[in-house]
Amino acid sequence: MKGMTVIVKKTTQILAGMIFLYGTYVVIHGHLTPGGGFAGGVIMAGAFILITLAYGSDFLNLKSKEAGSTATENISILMVILLSVVGLFLGTKIFFLNFLPKGTVGELISAGTLPLYNIFVGIEVTSSIFIIFLALVIYKEEELT
Amino acid sequence: MITYLMCFILFLTGLYGVITRRNLLKIAISLSIMEVSAFLFFTLIGYVEGGKAPIVSPAEPNQVYVDPLPQAMVLTAIVIGLATTSLLLAIIIRIYGKYGTFDIREIKNLKG
Amino acid sequence: MEMAITIITGFMILGAVYAIHAKDLLSAVIACGIVGYGLVICFLLLKAPDLAIVQIVVETITLIIMVAVVLNSSREEAYAGLDPQGFVHAAASLIILVVLFYVFYMAIHSLDGFGNGSLRMAKAYIEGAAEKTGSANLVTGVVFDFRGYDTLGEATVLITAVLGVIAILRLRGKK
Amino acid sequence: MNPVIPILVIVPLAGAFLMMLLGRLIRDLPKYFTSVIMLFLVIASFYSLINIGPGISVYKTGGWEPINKIPIGIYMVLDGYSAIMLCIISTIGFLSAVYSISFIKRYTGENYYYALFFLMVAGMNGVVLSGDLFNIYVFLEISVIASYALVAFGVGKSELEASFKYQVLGSIASFLILFGIGLIYWKTKTLNIADIREVFKNGYDNTYYVFVQLLILSGFGLKAAIMPFHAWLPDAHSSAPSPISAMLSGVFIKAVGIYVIIRLFFNMFVISEEVALLITSLGALSMVLGVFLAVGQWDIKRLLAYSSISQMGYVILSAGAGMILISRGEKPEVAALAITGGLFHLINHAAFKGLLFLNAGAIEYRLGTRNLKEMGGLSEKMPITSATSFIASMSISGIPPFNGFFSKLIIIVACVRARFYLLAILAVIVSIVTLATFLKLQRYAFYNKGSDNESHSVKEVDGPMVFSMITLGILCILLGLLAFPSFRELVLKPAVDILMNADIYIVKIIGM
């Protein structure tokens, strides 16, 4: 799949960074403003998809992209399981316990383990949707791993 | 009452599309229409008259809020819908690659 | 409020009917976009900002993938005209759907109307939820803390779909 | 709050993700890693079966205590009934994992196969253990999406088409379930199964109630391939790789379909007589039509798939008979006998149908064909496969010494004592036709000398496949002992008590 015209490439260079920044903002402030792990993760995946569409598959070495994002996806979901299991092994033996201090409502560092869940689910959703996009749209012909 | 009926009509349109259409992609489109109507149905149930969006601001405490539980369920269901739609499209790509057509009548390879 | 949502749902139904009957597949996919983005507006009217953000981006990505599928294959549907067998089939399914609609109409008569629902399980999610979970956004509080186990299942669904897509797109199944 | 319950779900999940990571580094780690983890699951589920006994152990995820008697978090519930299902899932899962060590050598992309296998088992464990309606839907989706991909694993023409048909029908079923959950939440405003029954107890509008029950029944009925919704099963189960079709037929349609129907209709809904009559007639319909469709098949796996539909008809029939008696409020001990027969047949069917599919896989592995006409004279060349297939065929058609006979006997006795004579006669006729079907299978596959396949090298399948088949064969014989009162008390009685009087279930969960 060849890339698009120079105009599209230039605007993508500007836009993609901002979209990714907005995505990270939505993930990190998930417990304060609307959004959260899923919404921010999907937006970040949108930023990556924009770059791949604009520059085409020959520009980026997509096979390593796919392998790399599978690895990040699996690591981040394992971190989510680790977070939920830590509550299990802590004194009270409860799965999915919110064990960190809750802090005052409305501040950035406030909701115990919630921001950590948000971040890891955000990374995992970003890499999952990027792999689905890569597999479905870009290289159906080549042999996948 | 009327909005629930309209939402169910949307569901029935999708179901009609799945039952009668021959084209694989049309069936995928009808499934995503049914999905949209299921999400709308959940959010309609969770609406509380005069309620605010479920964001607590420490400035003005104890407001009337919309029910957050159906919204949490729909958030989960949207991502499940994305997962099933992408799997369905992967199968459609491969079936088009092997059979060369989207029409279900020519794909009747299996008996029964 | 209820009238606004009814109008938008009406537009979504029109979009859905066109999407099903369109001859050109690309315009069918775009018509499917009407339904998805109509849902975004309904979410905003129903005071669900989280869902509006997720739905608008998910709908865009689904449309990108569907358009890519259509462009890499045939655009027009092999329409064999209104064959009689298809007409009978359509009429029969229409009758079934009308019966289903009537039963649904009778079923929801006894339930409380639009907007004045009493809360039972969700009462605990609103009163004092901000202090218990510490999150100002109640929906994130419900998704990640009260029902965090669901979200673990949720993330697993996405990973299953990724593994499924890669497994299905292999070129040679058997050695 | 014993920690075994979350471990039973976390371990397969973490196993799938770890294996995807490590699978790239160490060459053939996934094969043995899967069997080791499944063995751990077998031990964990049998431990939980033994130490749960008649009790119910509730695990509140997130540590949220109920507020004035209304549960707010997600509850994971382990009781006698779900412990039985856990044992079936993990045993058949372990044996087909061992079986696929050598079977999946023929397929490319082994890592994905084992990861999807783990996710399917994790999804089924999640469905069986959860006490929350939406949570059942989420874990149902995990195992269903994994099974879509596993059905299409061979990426051949017919596999893709079978998986497409299965996925379209499966998606419709999921939307019906979503609408059912929406309607239930609309009326009861809660998702916990015990809490829903509390709200349903004090009054409901009849049309609404029947409509919700029909929605839930058709949604999960499609997953359990009950007759009007069975169209996907023969294609999906015959084109899946054999260990997967053993898992699908032996365990998947039970854990995701029939388990949830019986759990919801006994413990959540207040049983009404007309819905109970509908369920019984659907069970009888699928029992009769399933076997008559099976007799005419020449593809070995389609024959087994159709006979799965009819055997599931037995289980639905006996559960429906129990429901009718409970809704009429008469003869509770006969209702208990019917439900015991149903659960016992559920366990037996998992054993012999899994074994039959593994035998069909062994034949396909060696001969490469599934058509009965092209087989023949395999009894000398593949002695173990033909012996185990003989055991399985005899037990599915209910010949005395094997386990099928006892469970069908209990069902028929229960039907007779409940004066449903038509159902009893139908059960006997179907059992005879099943015997005819499997005699046909034995004759054409193993004892018919006519064919000419002596030429190519047909010899017994190697190690892991033989181990699985022999273990399942022994299981088929040992399970017959469950019919005797001493064993039945230990295993089946707790499950039947919980299903019979749902108030124990509610008091334990709401009271806690």
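Numbers restart at 1 for each chain; the letters A, B, ... are given by sequence-line order, proteins then strands. All of these numbers come straight from a predicted model, not from anything done at the bench.
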Between B/Leu5 and C/Ile108, is there a side-chain heavy-atom distance shorter than 4.5 Å? yes

Shortest non-hydrogen contact from B/Leu69 toward C/Arg147: CD1-CD, 3.5 Å

B/Met73 side, atom CE; C/Glu154 side, atom CD - distance, nearest 0.5 Å: 13.5 Å

Please report the interatomic distance CG(C/Leu100) to CZ(B/Phe11), rounded to the nearest 0.5 Å. 8.0 Å

Portion of C/Val162 that has a non-hydrogen atom of chain B nearer than 4.5 angstrom: neither

Counting C-beta onward and ignoring hydrogens, is there a side-chain heavy-atom pair between C/Ile5 and B/Leu44 closer than 4.5 Å? yes

First locate atom OG1 of C/Thr160, then atom CD1 of B/Ile80, and finally report the distance between them rounded to the nearest 0.5 Å. 10.0 Å

Test item: B/Gln71 side-chain N/O and C/Lys47 main-chain N/O as donor-acceptor pair under 3.5 Å: yes

Between the CZ atom in C/Phe101 and the CG atom in B/Leu12, the distance rounded to the nearest 0.5 Å is 7.5 Å

Heavy-atom pairs under 4.5 Å with chain C, option from B/Pro54, B/Gly97, B/Ala77 with the top count: B/Pro54

Distance-minimising heavy-atom pair for B/Thr13 and C/Ala16: CG2-CB, 4.3 Å

Main chain of C/Ile20, side chain of B/Lys26: is a donor-acceptor contact present, judged purely on distance under 3.5 Å? yes

Test side-chain contact (heavy atoms from CB on, under 4.5 Å) applied to B/Ala90 - qualifying residues, sequence neighbours left out: A/Leu136, C/Val165, C/Ile168, C/Leu169

Which atom names give the shortest non-hydrogen contact between B/Ala72 and C/Val143, and what distance separates them? CB-CG2, 3.6 Å

Just how far is it from atom CD of C/Glu59 to atom OG1 of B/Thr85, taken to the nearest 0.5 Å? 9.0 Å

Structural part of B/Tyr96 lying under 4.5 Å from a heavy atom of chain C: side chain

Mutual orientation of the aromatic rings belonging to C/Phe104 and B/Phe8 [parallel < 30°, tilted 30-60°, perpendicular > 60°]: parallel

Pick whichever of B/Thr43, B/Thr20, B/Val74 has the most heavy-atom pairs under 4.5 Å with chain C. B/Thr43

Please examine the side chains of C/Thr151 and B/Thr76, heavy atoms only from C-beta on, and report whether any two atoms are closer than 4.5 Å. no

Gap between atom CG of B/Leu15 and atom CD1 of C/Ile96 - 0.5 Å precision: 9.0 Å

If you take all heavy atoms of C/Leu45 and B/Tyr47, which pair is closest and at what distance? O-CE1, 4.3 Å

Stepwise side chain to side chain contact (heavy atoms under 4.5 Å, CB included) check, C/His21 with B/Arg21: CA-CA 9 Å; C/His21 292 292; B/Arg21 285 307 107 183; 3.6 Å; yes

Counting only non-hydrogen atoms closer than 4.5 Å, does C/Phe146 touch chain B with its backbone (N, CA, C, O), its side chain (CB onward), both, or neither? neither

Looking only at heavy atoms, the pair that brings C/Ala161 and B/Leu87 closest together is O-CD1, 4.0 Å

So which of B/Val79, B/Leu89, B/Val66 has the biggest tally of heavy-atom pairs under 4.5 Å with chain C? B/Val79

Looking only at heavy atoms and a cut-off of under 4.5 Å, which of C/Gly38, C/Ala90, C/Gly10, C/Gly15 has the most pairs with chain B? C/Ala90

Taking C/Leu51, C/Val142, C/Val29 one by one, which has the highest count of heavy-atom pairs under 4.5 Å against chain B? C/Leu51

Which portion of C/Ser93 sits near chain B, non-hydrogen atoms under 4.5 angstrom: side chain

Just so I understand: if I count every heavy-atom pair under 4.5 Å between each of B/Ile27, B/Ile2, B/Leu10, B/Ile55 and chain C, which residue has the most? B/Leu10

Where do C/His89 and B/Ile19 come nearest, in terms of heavy atoms and distance? NE2-O, 3.4 Å

